[in-house]
Amino acid sequence: MAERLLQASRQRRVKAMTAAAGSARQAAVPLLLCALLAPGGAYVLDDSDGLGREFDGIGAVSGGGATSRLLVNYPEPYRSQILDYLFKPNFGASLHILKVEIGGDGQTTDGTEPSHMHYALDEDYFRGYEWWLMKEAKKRNSNITLMGLPWSFPGWLGKGFNWPYVNRQLTAYYVVTWIVGAKHYHDLDIDYIGIWNERSFDINYIKVLRRMLNYQGLQQVKIIASDNLWEPISASMLHDPELLEVIDVIGAHYPGTHTVKDARLTKKKLWSSEDFSTSNNDVGAGCWGRILNQNYINGYMTATIAWNLVASYYEQLPYGRCGLMTAQEPWSGHYAVEAPIWISAHTTQFTQPGWYYLKTVGHLEKGGSYVALTDGLGNLTIIIETMSHKHSMCIRPFLPYFNVSQQFATFVLKGSFSEIPELQVWYTKLGKPSERFLFKQLDSLWLNSGGSFTLELQEDELFTLTTLTTGRKGSYPLPPKSQPFPCVYNDDFNVDYPFFSEAPNFADQTGVFEYFMNIEDPGEHRFTLRQVLNQRPITWAADAFNTISVIGDYQWSNLTIKCDVYIETPEKGGVFIAGRVNKGGILIRSARGVFFWIFADGTYRVTGDLAGWTIYTVGRADITAKKWYTLTLTIKGGFSSGLLNGRPLWKNVSVTFPKHGWAAIGTHSFEFAQFDNFHVEAAH
């Protein structure tokens with residue numbers, strides 16, 4: 001009887017093997033399910049000698065800066081769909097970690113994010129969109145790890161210096177209020193807090209921050225440092241026992257999958273706390289697939305966090321489309337679920353923070369790598385990547401050449417995994433469209449009696465083999481087609497109780513522009529958009545000396561911009577409207593365009609750049625502070641003209657460069673000013 005059962009079982013397995021091989025061939029994946037044809041070496045996966053390091057998760061950054069800016073004004077159901085692709089477990093990227101910028105009012109790559117404390121006695125925990133995003137992430141995955149990190153800081157913390165450590169207690173207080181506010185106003189528990197993104201750390205500040213967190217009863221909030229290079233933070237920790245004690249995780253940026261000896265000697269968790277930053281095409285996907293494995297194999301890093309979460313900023317800003325997916329058209333509802341989403345899924349859907357890497361991980365003989373993780377309860381997930389050099393170059397650092405070629409790889413399961421009969425198989429092939437597959441489930445793979453299986457591996461492939469059966473390639477109906485920004489656009493800012501502090505589609509590049517209610521103006525300017533910074537922030541990048549918010553289509557060339565403006569600062573104040581603005585983000589200081597300025601001292605000016613070096617024309621006009629004016633700027637071909645309150649102020653001014661760019665509004669300095677009834681009309 002037993003023999004008959006054994007035979008039946010063998011027949012069933014052969015049948016399953018044949019079916020699996022057939023389905024794999026259809027998917028252009030020659031899976032060999034027995035080890036007989038394997039000339040390559042065997043890779044043993046074994047937990048007999050204990051386990052490797054604890055896995056902390058895969059995540060992404062929103063911010064650094066304003067990378068989620070356009071996401072918030074997507075219409076439903078598309079906004080929720082995008083969030084599902086990012087955060088919903090067993091659906092898309094299923095991220096384990098969300099890291100957000102603690103807005104500090106400064107330019108931090110693709111825009112500014114507002115601080116919860118613009119001024120010393122000001123606290124508002126509803127500015128910006130990171131609170132909302134964290135809540136949406138938690139709604140989908142209550143176990144998601146939340147992290148906060150400052151890039152810039154509001155100017156008042158610097159006491160006149162461009163430095164956040166002038167008063168360490170004050171800066172620590174500012175950061176702790178953000179953590180307390182997250183809990184009090186949004187019921188969000190922040191798990192990790194950083195120091196100062198990619199800038200100097202101050203040893204005493206880190207100690208002060210730990211003491212203040214403890215004093216506030218926030219012992220569970222862990223400190224990660226220094227969000228820059230492995231050194232000098234690692235050496236500093238080895239030389240300072242108190243510093244070693246207060247830092248929980250060493251976070252390095254763009255480590256190129258390698259760590260340093262000092263970091264390992266601290267015996268702390270090591271994370272790649274910012275990585276990727278690469279265009280989300282197939283090369284970016286290859287980069288992401290390679291580093292998700294090799295950050296652990298080469299560098300012992302147990303978490304990898306991508307910059308950025310979703311490319312929701314105007315594409316012509318720096319690092320366009322460098323998100324895991326793209327959602328940069330709220331006006332059309334169009335978004336694109338890019339390949340890095342599915343590369344993430346290969347790891348995130350089949351592991352969880354708290355799982356452990358096996359000690360038996362490594363490189364494949366003919367290029368590529370493999371990792372294996374377990375939950376300690378019998379589950380096993382194996383991730384194999386064969387990304388070629390050409391198709392996996394990240395934006396940084398330099399990637400030394402390596403070769404990947406076709407190979408047979410035999411894996412032998414030992415220890416507590418030796419009895420696993422079957423593994424689920426998920427497959428990705430990057431490259432030519434005809435051969436391309438993203439996160440495709442193949443037939444399950446049956447192991448032979450020795451607990452082994454063999455795969456034929458080609459270059460630019462990714463396999464996940466797992467005991468978990470919960471994987472899923474989530475999908476929604478296709479979103480609407482891509483459309484350019486509307487060529488006629490109006491905003492009167494008449495929003496009684498705005499859900500977000502910023503008006504849709506305006507992307508602040510220096511300064512912060514917020515909805516504002518004029519209590520003393522019952523008339524048509526009761527609701528306006530106001531520039532609210534009266535002091536230069538402690539900068540992270542080269543913020544301009546003027547404030548500016550851009551909007552619209554970068555291809556706009558011939559257009560009319562009309563806006564009501566209100567200067568609040570007597571004598572020295574000034575405001576502008578502009579067209580054909582050609583730069584933003586960290587390059588905002590050198591933005592060119594056509595800028596129409598009016599000043600409270602009764603003058604006007606037309607310049608070819610934001611800084612005001614190129615002056616096209618100047619003159620006098622009846623202008624004063626604390627009065628509303630309507631400015632109109634028309635640019636057509638090589639000429640421009642301007643109206644003040646509907647009357648010509650200057651005309652036929654020659655403008656030769658740039659040929660196209662965004663529309664914009666802004667102020668002469670860090671000063672209060674208001675804008676209303678914004679209108680733009682662009683030629684098709």
Side-chain angles (χ1 to χ4, degrees), residues 33-35 38-58 96 230 234 248-250 255 257-272 290-304 346-348 350-386 407-425 445-455 457 462-468:
L33 300 175
C34 64
Y43 306 96
V44 175
L45 302 175
D46 191 357
D47 61 352
S48 307
D49 187 27
L51 297 169
R53 292 190 173 216
E54 184 182 5
F55 174 66
D56 296 307
I58 307 299
H96 304 136
W230 294 116
S234 301
D248 299 279
V249 176
I250 304 179
T257 77
H258 292 280
T259 186
V260 298
K261 187 181 173 189
D262 279 355
R264 291 205 303 277
L265 287 174
T266 64
K267 297 193 161 43
K268 294 288 180 174
K269 286 179 176 289
L270 308 179
W271 290 9
S272 175
R290 178 175 56 79
I291 65 178
L292 285 184
N293 266 19
Q294 296 194 25
N295 274 350
Y296 182 72
I297 297 164
N298 302 337
Y300 309 95
M301 287 166 261
T302 53
T304 297
H346 271 277
T347 299
T348 55
F350 309 106
T351 57
Q352 284 302 321
W355 282 43
Y356 278 81
Y357 282 100
L358 269 56
K359 286 181 178 172
T360 48
V361 301
H363 291 272
L364 298 168
E365 198 181 322
K366 294 190 176 177
S369 67
Y370 65 96
V371 293
L373 300 97
T374 181
D375 61 355
L377 303 170
N379 282 308
L380 176 69
T381 290
I382 307 158
I383 303 137
I384 302 161
E385 61 81 22
T386 56
Q407 61 194 305
F408 292 96
T410 299
F411 291 84
V412 184
L413 272 48
K414 292 199 168 169
S416 70
F417 311 117
S418 60
E419 299 299 313
I420 291 174
E422 179 187 16
L423 292 168
Q424 308 299 314
V425 184
L445 182 152
W446 291 80
L447 279 70
N448 67 23
S449 53
S452 71
F453 63 89
T454 297
L455 299 177
L457 303 172
L462 193 56
F463 282 94
T464 299
L465 301 106
T466 178
T467 52
L468 297 183

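- The CH2 atom of Trp355 sits 11.0 Å away from atom OG1 of Thr347, with the distance rounded to the nearest 0.5 Å.
- Two residues are said to be in side-chain contact when any heavy atoms from C-beta on lie closer than 4.5 Å; Leu364 and Ile384 meet this criterion.
- Of the inter-residue distances, the one linking His346 atom NE2 with Leu462 atom CG reads 4.0 Å to the nearest 0.5 angstrom.
- In this structure, CG in Leu45 is found 6.5 Å from CZ in Phe411, a value given to the nearest 0.5 Å.
- For the side chain to side chain contact (heavy atoms under 4.5 Å, CB included) with Phe417, the lone residue among Leu358, Val412, Thr467, Leu423 that qualifies is Leu358.
- In this model, no donor atom of one side chain and acceptor atom of the other lie less than 3.5 Å apart for Asp56 and His96.
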query: For Phe350 and Asn379, what are the C-alpha separation, side-chain angles and deciding distance, and is it a side-chain contact (heavy atoms from CB on, under 4.5 Å)?
result: CA-CA 9 Å; Phe350 309 106; Asn379 282 308; over 6 Å; no
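- Of all heavy-atom pairs between Gln407 and Gly367, the closest is NE2-O, 2.8 Å.
- Listed for the Asp46 side chain is no donor-acceptor partner under 3.5 Å among the backbone atoms of Thr360.
- Using a 30° and 60° split on the angle between ring planes, Tyr370 and Tyr43 fall in the tilted class, from 30° to 60°.
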Show which side-chain atoms of residues 259-267 pair as donor or acceptor with protein atoms under 3.5 Å away, not counting sequence neighbours.
from   : atom 1 : to     : atom 2 : distance (Å)
Thr266 : OG1    : Ala263 : O      : 2.6
Thr266 : OG1    : Lys268 : N      : 3.2

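- Here the closest heavy-atom approach between residue Gly299 and residue Leu270 is recorded as O-CD1, 4.0 Å.
- At distances below 3.5 Å, at least one donor-acceptor pair connects side-chain atoms of Asp47 with backbone N or O atoms of Ser416.
- Although no hydrogens or angles enter the test, the distance criterion places a donor-acceptor pair under 3.5 Å between the side chain of Trp230 and the main chain of His258.
- Listed here is the closest heavy atom pair of Gly354 and Glu54: CA-OE2, 3.3 Å.
- For Thr386 (side chain) and Gly368 (main-chain N/O), no donor-acceptor pair under 3.5 Å exists by modelled atom type.
- The two atoms that bring Gly415 and Ser48 nearest to each other are CA-OG, 3.5 Å, heavy atoms only.
- Atom NE2 of residue His363 and atom CG of residue Asn293 lie 9.5 Å apart, to the nearest 0.5 angstrom.
- Looking only at distances, no side-chain donor or acceptor of Gln294 sits under 3.5 Å from a matching main-chain atom of Thr257.
- In this structure the side chain of Ile382 never reaches within 4.5 angstrom of the side chain of Phe463, judged on heavy atoms.
- Between the CH2 atom in Trp271 and the CG atom in Asp248 there is a gap of 9.5 Å [rounded to 0.5 Å].
- One distance of note links CD1 of Ile383 with CG of Leu292; it measures 8.5 Å at 0.5 Å rounding.
- Scanning all heavy atoms of the two residues, the minimum distance from Thr466 to Thr381 falls at OG1-OG1, 2.9 Å.
- Among all heavy-atom pairs drawn from Thr410 and Ser452, the shortest one is CG2-CB, 4.3 Å.
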